[in-house]
Enquirer: 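Below: one structure in structure tokens.
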Amino acid sequence: TGGSTATRWLLLTGGDGTNALLAIVVSAAVLADALMGSRAERRAVARWTPAIVWFAVFVCALVLWRALGLHEAEALRGSTRLVAAGLRGEIERDLAGRIAALSRLGVLAGAHDPAADSWQQNARLAIRDLDRFEPVGWIDEHHVLRLVAPPGRIDLLGLDVRADPVLGPVAARAVASRAPAVTRFVDFAPGSHRFAVLVPVFDHDALRGLVVAMFIDSGWFESLAKDRHPDYQIELFEQGTRIETVAGAAAPAGEDWASELPIRVAETEWTLRVTPTLDHLGARDSRLPDASLALGALLATLLALCTWL
């Protein structure tokens, strides 16, 4: 237990471990050479013993100071990773719930040819608990949008999705894979993005149609992230392009403090980035590393004095 604890605390990274080991080897070699030398050399070593003791103890204090600082930083990064993992799980569960609602709507539509009235009712029941998730449409087996809810979006009726540069390829992929598919984000207005989810409906091997639903604005992402983690800035990326940002209560720290995790849904991959704020880092800053260095210097001085006396 003690060994594993020491390993976790002495988190020397990069070249720190190599440098520490090299310093120990060189120091031991110099000291051994002096002790094996002539009587004059041994007397010189004796005169310098207090300085050697002070230096050795102070180096140990430096190593401990460095290890404590690294341990503190790793703890902060670990908490950021936990926040990112929890938020990713919420996003994936939310999207899975929405896709399941569309799948249920598709089952109802696939059982018989949907009419305008029944489509309005079924769509309202299927997505009644899902905000930011409309319009919802029915695309027939010829890839033509036949029904849409709410009924105010009749301007979309008759659209052949195969001619749409965004919906066309995704609809083809959904039909070919017989699985839900998600479009890329599309700029709808300055600072606003949309994306659509398509769910194919089959009767055995025959395509009955597709259910399509669109997220109306960026409020969906904000509803999952805003005001829930004020100590972190949360960003959503698609293929390296930042799509959404939920700012924290203060300015974010540098990118080296950020934690990135992929979000996979319906064969689409986004990237979630979570960055702690500077205020959060300041609140978690510990005086223990500096205190250990000061106490180490004091201990080195006391031992050197004892050796000299």
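For the single chain, residues carry numbers from 1 onward in sequence order. Since the model is a prediction, treat every value here as computed from it, not as a measurement.
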Enquirer: Are V199 and L108 connected in a single hydrophobic cluster, I mean Ile/Leu/Val/Met/Phe/Trp/Tyr linked by side-chain heavy atoms less than 4.5 Å apart?
Expert: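 In one cluster: no.
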Enquirer: Taking the side chain as everything from C-beta on, heavy atoms only, tell me whether W54 gets closer than 4.5 Å to L303.
Expert: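 Heavy-atom side-chain distance check fails, nothing below 4.5 Å.
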Enquirer: Distance from L76 atom CG to H71 atom NE2, nearest 0.5 Å?
Expert: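 Interatomic distance, L76 CG to H71 NE2, rounded to 0.5 Å: 10.0 Å.
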Enquirer: Quick one: pull up CD in E244 and CG in L224 and give me the separation to the nearest 0.5 Å.
Expert: 11.0 Å
Enquirer: Is it true that V144 and V148 fall in one hydrophobic cluster, defined by side-chain heavy atoms closer than 4.5 Å?
Expert: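 Unlinked, V144 and V148 end up in two clusters.
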Enquirer: Can you tell if the side chain of R273 reaches within under 4.5 Å of the side chain of R242, non-hydrogen atoms only?
Expert: no
Enquirer: Please give me the minimum heavy-atom distance between A181 and A174, naming the atom from each residue.
Expert: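 Of all heavy-atom pairs spanning A181 and A174, the closest is CB-CB, 3.9 Å.
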Enquirer: Check the pair W257, T275 against side chain to side chain donor-acceptor pair (under 3.5 Å), reporting the backbone distance first and the verdict last.
Expert: CA-CA 6 Å; W257 290 99; T275 308; over 6 Å; no
Enquirer: Counting only heavy atoms from other residues, nucleotides and ligands, does the tally under 6.0 Å from CH2 of W119 exceed 12?
Expert: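 It does: W119 CH2 has more than 12 such atoms within range.
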Enquirer: Rounded to the nearest 0.5 Å, what's the gap from CE on M214 to CG on L167? Could you check?
Expert: 5.5 Å
Enquirer: Run the numbers on L105 and W138 for side-chain contact (heavy atoms from CB on, under 4.5 Å), then give the verdict.
Expert: CA-CA 10 Å; L105 182 58; W138 172 252; over 6 Å; no
Enquirer: Please check: side-chain N/O of E72 versus main-chain N/O of A67, any donor-acceptor pairing under 3.5 Å?
Expert: no
Enquirer: Using a strict cut-off of less than 4.0 Å between a Lys/Arg side-chain nitrogen and an Asp/Glu carboxylate oxygen, indicate whether E74 and R81 qualify as a salt bridge.
Expert: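 Yes, charged N to carboxylate O under 4.0 Å.
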Enquirer: Do any N or O atoms from the side chain of R173 and from the backbone of V182 form a donor-acceptor pair under 3.5 angstrom?
Expert: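 Judged by distance alone, yes, a pair lies under 3.5 Å.
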Enquirer: Check whether any side-chain N or O of R88 sits under 3.5 Å from a backbone N or O of R264 as a donor-acceptor pair, and report yes or no.
Expert: no
Enquirer: Give the minimum heavy-atom separation between D256 and R77, together with the two atoms involved.
Expert: O-NE, 3.3 Å
Enquirer: Which residues pass the side chain to side chain donor-acceptor pair (under 3.5 Å) test with R208, sequence neighbours left out?
Expert: D113
Enquirer: Which of parallel (below 30°), tilted (30 to 60°) and perpendicular (above 60°) describes H229 and Y232?
Expert: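 Geometry flag for Y232 against H229: perpendicular rings.
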Enquirer: Please identify each residue that fulfils salt bridge (Lys or Arg N to Asp or Glu O under 4.0 Å) with R228, with sequence neighbours left out.
Expert: E90
Enquirer: What are the two closest heavy atoms between P230 and T277, and how far apart are they?
Expert: O-CG2, 4.1 Å
Enquirer: Quick one: are W270 and T268 in side-chain contact, heavy atoms under 4.5 Å?
Expert: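 In contact.
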Enquirer: Would you say F202 and V170 are hydrophobically clustered, going by side-chain heavy atoms of ILVMFWY under 4.5 Å?
Expert: yes
Enquirer: Following the transitive rule for hydrophobic clusters with a side-chain heavy-atom cut-off under 4.5 Å over Ile, Leu, Val, Met, Phe, Trp and Tyr, establish whether I243 and I91 coincide in one cluster.
Expert: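 Yes; tracing contacts between hydrophobic side chains, which count when under 4.5 Å, links both residues.
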Enquirer: With hydrophobic residues grouped by side-chain heavy-atom distances under 4.5 Å, do W65 and F55 end up in a single group?
Expert: yes
Enquirer: Atom OG1 of T245 and atom NZ of K226: how far apart are they, to the nearest 0.5 Å?
Expert: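 If we round to the nearest 0.5 Å, T245:OG1 and K226:NZ are 11.0 Å apart.
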Enquirer: Is the shortest side-chain heavy-atom distance between V265 and I99 below 4.5 Å?
Expert: yes
Enquirer: Roughly how far, to the nearest 0.5 Å, is the CD1 atom of I263 from the CD atom of E269?
Expert: 9.5 Å
Enquirer: Taking all non-hydrogen atoms of both residues into account, name the closest pair between V201 and L207 and its distance.
Expert: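 Smallest interatomic distance, heavy atoms only, reads O-CD1, 3.5 Å.
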Enquirer: Looking at every non-hydrogen atom in both residues, tell me the closest pair between A84 and L272 and how far apart they are.
Expert: O-CD2, 3.6 Å
Enquirer: Taking all heavy atoms of I234 and all of L87, pick out the closest pair and write down the distance.
Expert: CG2-CD2, 3.3 Å
Enquirer: Between CG of L298 and CG of L293, what distance do you get to the nearest 0.5 Å?
Expert: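 Result: 11.5 Å between the selected atoms.
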Enquirer: Are more than 12 heavy atoms, taken from residues, nucleotides or ligands other than D117, located less than 6.0 Å from that residue's CG atom?
Expert: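 Counting other residues, nucleotides and ligands, CG of D117 stays at 12 neighbours or fewer.
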Enquirer: Does any part of the side chain of T183, heavy atoms only, come nearer than 4.5 Å to the side chain of L198, both counted from C-beta?
Expert: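 L198 vs T183: side chains touch.
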Enquirer: For the residue pair L236 and F185, establish whether any side-chain heavy-atom pair is separated by less than 4.5 Å.
Expert: yes
